[in-house]
Protein chains: 2
Amino acid sequence: MNSTITYHTGQRDAVLDCFSRNSGKQLTAGDIAADLLTRGSRIGNATIYRTLDYLEKEGRIRKFIDENGRQACWQLTVGSEGCSDHYHLKCHKCGTVVHLECELAAQLDEHIQAEHHFVIDRAATIFYGLCEACQAAAVSREEAK
Amino acid sequence: MNSTITYHTGQRDAVLDCFSRNSGKQLTAGDIAADLLTRGSRIGNATIYRTLDYLEKEGRIRKFIDENGRQACWQLTVGSEGCSDHYHLKCHKCGTVVHLECELAAQLDEHIQAEHHFVIDRAATIFYGLCEACQAAAVSREEAK
DNA sequence: TTGCGTGCAAAGGTTTTGCATGGCA
DNA sequence: TGCCATGCAAAACCTTTGCACGCAA
């Protein structure tokens with residue numbers, strides 16, 4: 001893969017910095033614009049989208065689709081493989097993404113390939129559900145009724 | 001569940017019929033409009049969206065988000081549980097969706113809940129990859145080079 | 001006749017594109 | 001200096017909403 005880095009610009013740093021300060025979270029284009037505004041730098045939205053595209057092609061970040069399907073959001077990649085070697089669990093409620101390093105999941109992968117003749121694209125597959133914190137919150141909300 | 005069926009209209013039949021003739025596929029609102037056009041019936045797009053919402057609430061179809069995240073697509077539900085009891089495999093290339101009835105997948109489910117403290121929403125989770133037919137096609141295309 | 005369903009057009013939000021300008025190397 | 005990157009505004013795109021009319025029961 002050919003990383004065609006050309007120029008090093010302040011806007012690119014600013015976007016990456018924004019991800020660093022919000023590590024573990026996935027941000028929409030709007031989130032990033034808002035975050036940068038509070039820090040005094042105003043970046044055109046076209047630039048934000050182009051920068052995100054660029055960083056995604058570089059493998060620095062990964063793109064997800066928000067549940068409502070109306071917005072894209074991005075997140076820093078994890079690990080040397082750039083998140084292509086494990087599955088992701090995404091919480092419906094809070095949006096947190098967990099990187100699933102799991103032996104059984106790898107087995108399922110092989111099983112589906114061998115028995116169901118379907119080659120899975122791990123990087124593209126996301127498990128949706130509820131994370132631990134949001135389960136607890138849901139329970140206490142039930143009790144409050 | 002309270003099925004508030006009120007009127008029985010030709011447009012509703014037409015949309016459902018469209019799903020029947022494309023069983024196993026996921027259709028976007030645009031797909032449906034185009035398909036109906038070729039059959040001579042023209043339906044306003046607002047009606048299509050409202051009909052899809054209605055059918056979804058009835059549990060007849062399920063809504064998914066297309067990989068690119070720009071479009072919603074819908075598919076006939078399968079089984080008495082309405083597709084909530086199994087995973088789905090979707091082919092990146094041809095778009096076909098396979099309903100995965102698999103013991104190992106169910107085990108993974110329990111494992112993730114027990115060990116990773118994450119409750120998976122099977123109905124919302126889709127495995128992406130390549131189906132058998134498209135794998136074969138990819139191979140023969142390689143050989144043709 | 002009643003009120004739900006429909007079609008059209010306009011509005012809504014996110015993302016992309018065109019073009020002139022600015023800035024990095 | 002030569003390109004690439006940026007910003008602005010307009011366009012494109014999918015989806016939702018408002019409103020008047022038509023049609024099922």
Side-chain angles (χ1 to χ4, degrees), chain A residues 2-19 25-58 60-75 90 95, chain B residues 2-19 22 25-58 60-75 95:
Chain A
N2 192 348
S3 301
T4 329
I5 297 178
T6 46
Y7 294 161
H8 180 184
T9 67
Q11 283 87 341
R12 264 168 209 190
D13 279 347
V15 171
L16 268 179
D17 182 52
C18 183
F19 279 109
K25 300 212 170 151
Q26 58 288 143
L27 307 172
T28 66
D31 292 338
I32 292 169
D35 181 287
L36 292 179
L37 254 187
T38 67
R39 300 176 67 77
S41 57
R42 208 163 47 78
I43 298 188
N45 72 57
T47 300
I48 291 177
Y49 282 106
R50 283 188 279 229
T51 302
L52 289 170
D53 273 358
Y54 165 79
L55 292 173
E56 190 189 351
K57 284 202 184 68
E58 292 275 304
R60 311 280 296 272
I61 59 177
R62 254 175 63 66
K63 184 179 187 177
F64 296 92
I65 302 303
D66 214 342
E67 283 94 292
N68 59 26
R70 308 292 296 281
Q71 288 181 98
C73 47
W74 289 262
Q75 183 191 31
K90 178 166 183 179
Chain B
N2 189 352
S3 301
T4 327
I5 296 179
T6 45
Y7 293 164
H8 180 183
T9 67
Q11 284 86 341
R12 267 172 206 186
D13 281 346
V15 171
L16 268 178
D17 183 52
C18 183
F19 279 109
N22 294 281
K25 300 228 168 138
Q26 296 184 343
L27 306 174
T28 65
D31 292 338
I32 292 169
D35 180 288
L36 292 179
L37 254 187
T38 66
R39 300 177 67 78
S41 58
R42 208 162 47 77
I43 297 187
N45 71 56
T47 299
I48 291 178
Y49 282 106
R50 283 187 279 228
T51 301
L52 290 170
D53 274 356
Y54 165 79
L55 292 173
E56 190 190 351
K57 284 201 184 70
E58 292 277 301
R60 311 281 298 270
I61 60 177
R62 264 177 54 66
K63 184 178 187 179
F64 296 93
I65 301 301
D66 210 344
E67 285 99 293
N68 60 27
R70 308 295 298 285
Q71 289 182 95
C73 47
W74 288 262
Q75 182 190 30

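Note that these values count all heavy atoms, side chains included, but never hydrogens, waters or copies made by symmetry. The sequence lines fix the lettering, A, B, ..., with proteins before strands; numbering per chain opens at 1.
Rounding to whole angstrom units, CZ of residue Arg50(B) and C1' of dC4(C) are separated by 11 Å. With rounding to whole Å, Ile65(A) atom CD1 is found 13 Å from dT15(D) atom P. Distance His8(A) NE2 to dC4(D) C1': 15 Å, rounded to the nearest Å. Going from atom CG of Asp53(A) over to atom C1' of dC4(D) covers 16 Å, rounded to whole Å. One atom, CG of Leu36(A), and another, C1' of dT6(D), lie 14 Å apart when rounded to the nearest Å. When rounded to the nearest whole Å, the span between CG of Leu52(A) and P of dT17(C) equals 15 Å. Between the CD1 atom of Ile43(B) and the P atom of dG5(C) there is a distance of 14 Å, rounded to whole Å. The separation between Glu56(A) atom CD and dT16(C) atom P is 10 Å, rounded to whole Å.
A distance-only check finds a donor-acceptor pair linking the side chain of Thr51(B) to the backbone of Thr47(B) [under 3.5 Å].
Dashed line: the shortest gap from a side-chain N or O of Gln11(A) to OP1 or OP2 of dG23(C) is not under 4.0 Å. Between Thr47(B) and dG7(C) there is a side-chain N or O to OP1 or OP2 distance below 4.0 Å. One finds no side-chain N or O of Thr9(A) lying less than 4.0 angstrom from the OP1 or OP2 phosphate oxygen of dG23(C).
No N or O donor and acceptor, one from the side chain of Arg42(A) and one from the base of dG7(D), sit under 3.5 Å apart. The base of dC3(D) is paired with the side chain of Tyr7(A) by a donor and an acceptor separated by under 3.5 Å.
A cation-pi contact, defined as under 6.0 Å to the ring centre and within 45° of the axis, links Arg62(A) to Phe64(A).
For the pair Arg39(A)/Asp35(A), a side-chain contact is recorded, criterion being any heavy-atom separation below 4.5 Å from C-beta on.
Atoms CD1 and CG, on Ile32(B) and Leu16(B) in that order, are 9.5 Å from each other to the nearest 0.5 Å. Taking OG1 from Thr28(B) and CD1 from Ile48(B), the interatomic distance works out to 9.0 Å, rounded to the nearest 0.5 Å.
Exactly one residue among Asp31(B), Asp13(B), Leu27(B) makes a side chain to side chain contact (heavy atoms under 4.5 Å, CB included) with Cys18(B). That residue is Leu27(B).
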So which protein N/O to nucleotides 10-15 of chain C N/O distances come out below 3.5 Å?
| from | atom 1 | to | atom 2 | distance (Å) |
| --- | --- | --- | --- | --- |
| dT14(C) | O3' | Arg70(A) | O | 3.4 |
| dT15(C) | OP1 | Ala72(A) | N | 2.6 |
| dT15(C) | OP2 | Tyr49(A) | OH | 2.3 |
| dT15(C) | O5' | Tyr49(A) | OH | 3.1 |

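Closest contact between the side chain of Thr6(B) and the listed nucleotides dT6(D), dA9(D), dC4(C) involves dC4(C).
In terms of heavy-atom proximity, Ala29(A) sits nearest to Trp74(A) at N-CZ3, 4.1 Å.
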